[in-house]
> 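Would you mind keeping the following structure in view while I ask a few things?
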Amino acid sequence: MRLNYILSDLGIGLKRNLSMTIAVVVTIWVSLSLFGSALLAREQVDLMKGNWYDKIQISIFLCTKDSGGRGCSGAEVTTEQKNRIKQVIESSPDTAPDGVFGETKKEAFEQFKKLYKDSPIVSTVTEDQMQESFRVKLKDPQRYQNLVSAVAGLPGVDTVQDLRQYLDPLFKALNGLQVGALVAAALLLVAALMQISNTIRLAAYARRREIGIMRLVGASNFYIQLPFLLEAVLAALIGAVLACGTLWIGVYFVVMQRAQETFRVWQWVGAAETFQATLIMVVVGLILAVVPTFLTTRKYLKV
Amino acid sequence: MIRFENVSKTYEGQSKAALLNVNVEIEKGEFVFLVGTSGSGKSTFLRLVLREHRTSKGHIMVAGKDLNRLASWRIPQMRRQIGTVFQDFRLLPNKTVAENVAFALQVIGKPRSHIRKTVPEVLELVGLDGKEDRLPDELSGGEQQRVAIARAFVNRPMILIADEPTGNLDPGTSVGIMKLLDRINRTGTTVVMATHDVSIVDQMRKRVIELENGHVVRDESRGVYGYQH
């Protein structure tokens, strides 16, 4: 296969279809950006759910020296108090079998370090300042009232939190955003598919003489399709690279510079998640270019 | 080299057959004229040999291969053994003479050294040495057809198919083209030429196959064009 002929063909093809190629690039750019944002939103939801969200419904935080909860007396929770609390939880008819998990100060501290991994706060906080807690899984997540009232106020209990109560609306909003972004991305990707197949049809028409002669002298299908394929792949790659850049910029300015500083309560998507998303975007972009190109060239370049 | 066995071809959406029960055998190294009025089936005959269409019935063997059984990805390979020349030359207007001929080798992946050696040889054979760098527009019709023949022959095909190659040329120029095709035929290449040109057929005295309404109505060696239709 003579690469230089193919490359010169590619250059000519791109020049000839410049406006269509730009249209394809822009469409792929925008649609992949939306798609990437949706991927990140999904990651974000997972991060916010953290280690516990899918396993438990209620968190019971225990007293430290500094906590001012109803059951606290300015002292650390004692072992007896802990045993008593655990017994109450386990004996409740609403608790799922094996549904009680204890989180020690050490585990809490690890989690804290993860959340604030690049913040100066970490160095000022010690393991001792962390709160021990019980995490409880319910048989029926809707029936939390009984257990909450049974545990709240017990000696040694600082606060009782129902995680879902205030996270669920947030997740609903995030899911809505994600679905919206995916739908918009899908619509744009359909437009991109049509643009690609249209571009190829025009290009095949513009090159019908060459193609006719190629078929006549016995050029292989692949050889005839290759310039079209390369054109589409190049357009998709440019679009994908622009989309990846957009996503990085978005993550950098919106998440890393702002959200992460302001809301430390949970982990935010970062470089690792963004990198993963951009990889998926590039793959999707390439598939989107290659598949319709093969289908269209087969249709218009029949042997 | 080419064998038609009970070949019929009806194009989609048409009731009348373009070819009907055609049985023809063309040996290696033969020179055959295909004559008949427009619409008699000459072009269909040639297209079927090139496997641009499939037969509706019957089999065509080209170089020992049954075209109906040929997988579509092998068609290009098969076509490399057939050179084709048309009435309208079909040259690429933005490529020079040498580039037009070289194109046929480039697109089937021949190495550059081979192309550099072969193209001047074949241009000399067709009598175009010295005009390598001209564009098709700068050539006469006869010269353009020589370029097309050079392109068809540069890969040394076993079969050369010519569809009215002299149709756009004046009689004097046509004789030159026929001499060239005759020379190519003498190298052992089978030539099948569809034509309307009475004087050429009568002069050359080669085998003549006449088609009428899709039937072979005459097949004689050393024939003439025949009656005027």
> To the closest 0.5 Å, what do you measure between CZ (B:F103) and CE (A:M214)?
4.0 Å
> Applying side chain to side chain contact (heavy atoms under 4.5 Å, CB included), can you list everything that pairs with B:T190, at least two apart in sequence or on another chain?
B:M1, B:I26, B:K28, B:I159
> In the structure I gave you, are the side-chain heavy atoms of B:R80 and A:S220 within less than 4.5 Å of one another anywhere?
yes
> Output side-chain donor-acceptor pairs under 3.5 Å for residues 269-283 of chain A, partner residues at least two apart or in another chain, one line each.
{"from": "A:E273", "atom 1": "OE1", "to": "A:G270", "atom 2": "N", "distance (Å)": "2.8"}
{"from": "A:T274", "atom 1": "OG1", "to": "A:G270", "atom 2": "O", "distance (Å)": "2.7"}
{"from": "A:T278", "atom 1": "OG1", "to": "A:T274", "atom 2": "O", "distance (Å)": "3.3"}
{"from": "A:T278", "atom 1": "OG1", "to": "A:F275", "atom 2": "O", "distance (Å)": "2.6"}

> Check whether any side-chain heavy atom of A:V217 lies under 4.5 Å from a side-chain heavy atom of B:V107, and answer yes or no.
yes
> Which heavy atom in B:P76 sits nearest to a heavy atom in A:A219, and how many Å separate them?
CB-O, 3.5 Å
> Is the backbone of B:L91 close enough, under 3.5 Å, to the side chain of A:R209 for a donor and an acceptor to pair up by distance?
yes
> Taking every non-hydrogen pair under 4.5 Å, which of B:Q81, B:R74, B:R151 racks up the most with chain A?
B:R151
> From A:I213 CD1 over to B:N100 CG, what is the distance, rounded to the nearest 0.5 angstrom?
6.5 Å
> Could you check whether any side-chain N or O of B:R79 sits under 3.5 Å from a backbone N or O of A:L216, counting only pairs where one atom can act as donor and the other as acceptor?
no
> Tell me whether B:K57 at atom NZ has more than 12 heavy atoms from other residues, nucleotides or ligands lying less than 6.0 Å away.
no
> At what distance, to the nearest 0.5 angstrom, does CG of B:L92 lie from CZ of A:R207?
10.0 Å
> Tell me if the CZ atom of B:R207 is crowded by more than 12 foreign heavy atoms within 6.0 Å.
yes
> To the nearest 0.5 Å, what is the distance between CZ on B:R51 and CZ on A:R215?
11.0 Å
